[in-house]
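So that the names make sense, note that chain A is the first sequence line, chain B the second, and so on, each numbered from 1. Basis for what follows: all heavy atoms, side chains included, without hydrogens, waters or symmetry-related copies. Quick caveat: nothing in here was measured; it's all calculated off a predicted structure.
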Amino acid sequence: MYWRLTTSLLGRGVPRPRMIPTGLRAGSGGCSRWEEEKTADGVKWTQLEHRGPYFAPLYEPLPDDVQFYYDGKPLKLSLATEEIATFYAKMLDHEYTTKEIFQNNFFNDWRKEMTPQEQKIIKHLDKCDFREIHKYFVDKNEARKALPKEEKQKLKEAADKIQEEYGYCILDGHREKIGNFKTEPPGLFRGRGDHPKMGMLKKRIMPEDVIINCSKDSKIPEPPAGHKWKEVRFDNTVTWLASWTENIQNSLKYIMLNPSSKLKGEKDWQKYEVARKLKDVVHKIRAQYQADWKSKEMKKRQRAVALYFIDKLALRAGNEKEEGETADTVGCCSLRVEHIKLHPKLDGQEHVVEFDFLGKDSIRYYNKVSVEKPVFKNLQLFMKNKDPGDDLFDRLTTVILNKHLQNLMNGLTAKVFRTYNASITLQEQLKALTNPEDSVAGKLLSYNRANRAVAILCNHQRSTPKTFEKSMQNLQSKIDAKKQQLEEAEKELKKAEDEFEETKDAKAEANIRKKKKLLERLKEQLAKLNVQATDKEENKQIALGTSKLNYLDPRISIACEVFTALIQADEKRWGRGWHWRPLSCWQLKKCKTWSWTRFVLGKPIKWKRKSI
DNA sequence: CTTAGCACTTAGGAGCTCCTAC
DNA sequence: GTAGGAGCTCCTAAGTGCTAAG
């Protein structure tokens, strides 16, 4: 039996769950307790008490012997100017500082903060020498790492104390962990991709910038001595505890709860419930957009083709963004003619669309997809008489698309397709890849492969880790060594067998058994290493974390035999009750919040890991 | 309809911690 | 006991999607 709980959570032909306790059954409507608690008027809490944000430490001036040089001569900077100089100095060995936009933005903003005298002297960035400052911080960092154990312990205790004091709030009588309780320290803006604002000065957040949100009757947080809050409000229709406006994009930043909190957990659960609801209507929706490919209205055709991409390729919606304010990235609705190429025939396939564009975080999306003929014809039509820089779907926006989706299913938006397709892919892949007879290592490989299929679908990439080549080599030499040991063991066994042939005594027989056992163990170890190597290589440029955290319904993982096997293997090793190893933190977090999954194995799981 | 503002989720990289293998 | 590395948390940027105003 593959599914321990036989819950085909998002799939077709749902087999009935067997082991979910009544009252917690997630089959039809999900967890009724949470649904009951949901209020229609948007109220998110009735009580909220916290200490306010923890402010980034004030600037500590450089020691006198650490100098800044301009045009080869030492120059003592004013405090404010010096602080900004250290931001740049710290980044000296980062690629950012080699980029012209970064340098220009930095220099512009830096000059604005200089005294008039400094402005008169410091006119060119290339005459600035930050190297001594850079070295100072590198050394400081080294020194911190080399600190004796007790000193490190002291630092950790101090950090823990701050976490203890500022890192939690009381929400409706429960102590909940805050996600980001510290204000963002000042520094230079690090945008992703070709960001026009990279290098700009990110200003220090002061209490006077901060809006506090809490309940009226709670102990209102004290601003740091000599300071005032910008505002204190009591808005229980939002979930944030504090907010401020950042100066780069002029957008709001929030202090919110940790994902382990009830508030976030429920939201997460709801998200997957909406995705499960889509499962029931997705066939109808697909049939409809296929019909709409032939609509007389251009608007409908564009909507239908875009939705097809969102569904088939898991593209993001693609909201419009202000030009020149951010990196030039697109999603589905904002695709431009230059982002696709049409090939009537390519590599033995027909109607191939070649996608090449930068998506969120300037991650490249490159894909060649064979599409249905009407889609291909429509794309040709949409591209006719357009320039490369024109919108592919000129009659479509995310607002139009989402309005349409809302009519098809309550709560349906473009992003739900990503969640749905990610989770259903995990489930289907697990079903296709895992085999009950596999070893635990094999099962884990299968799980990772299923996870990987999702990450590829969602285009979750990472840069190859810096240490990849080296650690791969290390692994390979381990494999080689193991192979040699194995050969050795085979010879030994042969020898032992020969000896038994000759002597026929019990001692020799025992020796054979011993050698056989060793051989078995080595074989197992080798297999495990080989699996590891395969996994590592396949995983080189793919990020699994994002899909695990945001797209995969944890109930699918929990219900899957891979985890049952891992838990059993672990019990052998750690004794009963130690279930934290196979269920990694991301799952634990979700499981703790989704209380019903504590009954995955038909019995409550003891949670032992202290960080949870 | 368009635009701006707001609140929230999703994202990759940095850096830290703790385990494992030597 | 220590080096190396996997896997985690932290950080904060960059998306989505909704609402309200004009």
Side-chain angles (χ1 to χ4, degrees), chain A residues 42 44 56 94 141 144-145 149 152 156 159 163 167 177 179-185 187 189-193 195 197-198 202 211 213 235 237-240 243 245-246 248-254 256-260 263-264 267-268 270-271 316-322 325-327 329-334 358-363 397-403 405-406 411-416 418-419 422 455 458-463 465-468 470-472 474-475 478 481 532 535-536 539 541 543-551 581 584-586 588-589 609 611-612:
Chain A
K44 307 278 173 30
H94 201 290
N141 214 359
R144 191 178 48 87
K145 278 184 203 156
K149 233 181 181 169
K152 275 187 183 166
K156 191 169 181 302
Q163 164 79 40
K177 199 169 174 194
N180 56 326
F181 61 90
K182 293 173 178 167
T183 62
E184 292 172 16
F189 177 73
R190 300 150 96 117
R192 317 238 169 97
H195 202 294
K197 299 194 171 186
M198 63 167 76
K202 221 175 95 164
I211 302 172
N213 192 37
D235 184 354
T237 67
V238 296
T239 64
W240 52 268
S243 72
T245 303
E246 55 90 35
I248 303 287
Q249 322 265 12
N250 220 265
S251 67
L252 282 157
K253 297 264 183 170
Y254 301 94
M256 286 184 186
L257 293 184
N258 187 276
S260 63
L263 205 63
K264 293 278 188 192
K267 207 63 195 303
D268 200 36
Q270 276 173 18
K271 173 182 76 186
R316 295 187 185 82
N319 282 322
E320 285 128 298
K321 25 194 261 176
E322 219 171 322
E325 293 292 301
T326 61
T329 61
V330 295
C332 185
C333 293
S334 50
L358 297 181
K360 182 177 179 181
D361 291 316
S362 295
I363 297 292
T397 65
T398 54
V399 176
I400 296 171
L401 179 63
N402 281 336
K403 248 185 205 138
L405 293 175
Q406 186 57 237
L412 187 61
T413 62
K415 85 193 260 286
V416 178
R418 245 167 106 80
T419 314
C458 294
N459 201 37
H460 290 144
Q461 298 186 32
R462 62 168 181 175
S463 42
K466 285 182 200 97
T467 54
F468 183 84
K470 207 174 147 243
S471 72
M472 201 64 195
N474 288 349
L475 192 55
K478 263 193 205 166
Q532 257 180 37
D535 209 24
K536 205 181 173 84
N539 225 21
Q541 282 171 299
L544 300 183
T546 305
S547 49
K548 265 184 191 152
L549 207 58
N550 300 308
Y551 289 101
R581 286 175 57 80
S584 59
C585 206
W586 61 270
L588 275 177
K589 234 189 261 170
R609 196 166 182 181
S611 63
I612 304 300

Going by heavy atoms in the side chains, are A/L263 and A/M256 under 4.5 Å from each other? no

Within the 4.5 Å heavy-atom criterion, are A/T239 and A/Y254 side-chain neighbours or not? no

Give me the atom names and distance for the closest heavy-atom approach of A/W240 to A/N213. O-ND2, 3.1 Å

For A/K264 versus A/N258, what's the shortest heavy-atom pair and its separation? CG-O, 3.5 Å

Can you tell which of [options] lies closest to the side chain of [X]?
{"X": "A/R192", "options": "B/dA14, C/dC11, C/dA14", "answer": "C/dA14"}
{"X": "A/E184", "options": "C/dC10, B/dC16, C/dT12", "answer": "C/dT12"}
{"X": "A/R462", "options": "B/dG13, C/dG15, B/dT10", "answer": "B/dG13"}

In terms of the angle between their ring planes, are A/H460 and A/Y551 parallel, tilted or perpendicular, with boundaries placed at 30° and 60°? tilted

May I ask you to evaluate whether [X] reaches the phosphate of [N], defined as a side-chain N or O under 4.0 Å from OP1 or OP2?
{"X": "A/T546", "N": "B/dG12", "value": "yes"}
{"X": "A/H195", "N": "C/dA14", "value": "yes"}
{"X": "A/K253", "N": "C/dA13", "value": "yes"}
{"X": "A/Q249", "N": "C/dA14", "value": "yes"}
{"X": "A/K321", "N": "C/dG15", "value": "yes"}

Return the value, rounded to whole Å, for the distance between atom NE2 of A/H94 and atom C1' of B/dG13. 8 Å

Check the distance between C/dA14's P and A/N250's CG and give it to me in whole angstrom. 15 Å

Give a yes or no on whether a donor-acceptor pair under 3.5 Å exists between the nucleobase atoms of B/dT10, that is its base, and the side chain of A/K360. yes

So for atom NZ, which belongs to A/K403, do other residues, nucleotides or ligands contribute more than 12 heavy atoms lying within a distance under 6.0 Å? no

Begin with the C-alpha distance, continue with both residues' side-chain angles, and end with the deciding distance and a verdict on side chain to side chain donor-acceptor pair (under 3.5 Å) for A/K177 and A/S260. CA-CA 7 Å; A/K177 199 169 174 194; A/S260 63; over 6 Å; no

Residue mapping more 5' on DNA chain B - nearest nucleotide basis, A/K145 or A/H460: A/H460

Closest nucleotide of DNA chain B for A/S463 versus for A/E322: which of these residues is on the 5' side? A/E322

Take A/E246 and A/S251 through the side chain to side chain donor-acceptor pair (under 3.5 Å) test and state the conclusion after the steps. CA-CA 6 Å; A/E246 55 90 35; A/S251 67; 3.0 Å; yes

Which atoms of nucleotides 5-7 of chain B (N or O only) lie under 3.5 Å from a protein N or O atom, and what are those distances?
unit_1, atom_1, unit_2, atom_2, d
B/dA7, OP2, A/Y254, OH, 2.9

Test side chain to side chain contact (heavy atoms under 4.5 Å, CB included) applied to A/L401 and A/C333, step by step: CA-CA 9 Å; A/L401 179 63; A/C333 293; 4.0 Å; yes

Base, sugar-phosphate, or nothing for A/K202, non-hydrogen atoms under 4.0 angstrom? sugar-phosphate

Is A/E246 touching bases, backbone alone, or none of the nucleic acid, heavy atoms closer than 4.0 Å? nothing

For each nucleotide in nucleotides 16-22 of chain C, reading 5' to 3', give B when a protein heavy atom comes within less than 4.0 Å of its base, S when such contact involves only the sugar-phosphate, and - otherwise. BBS----

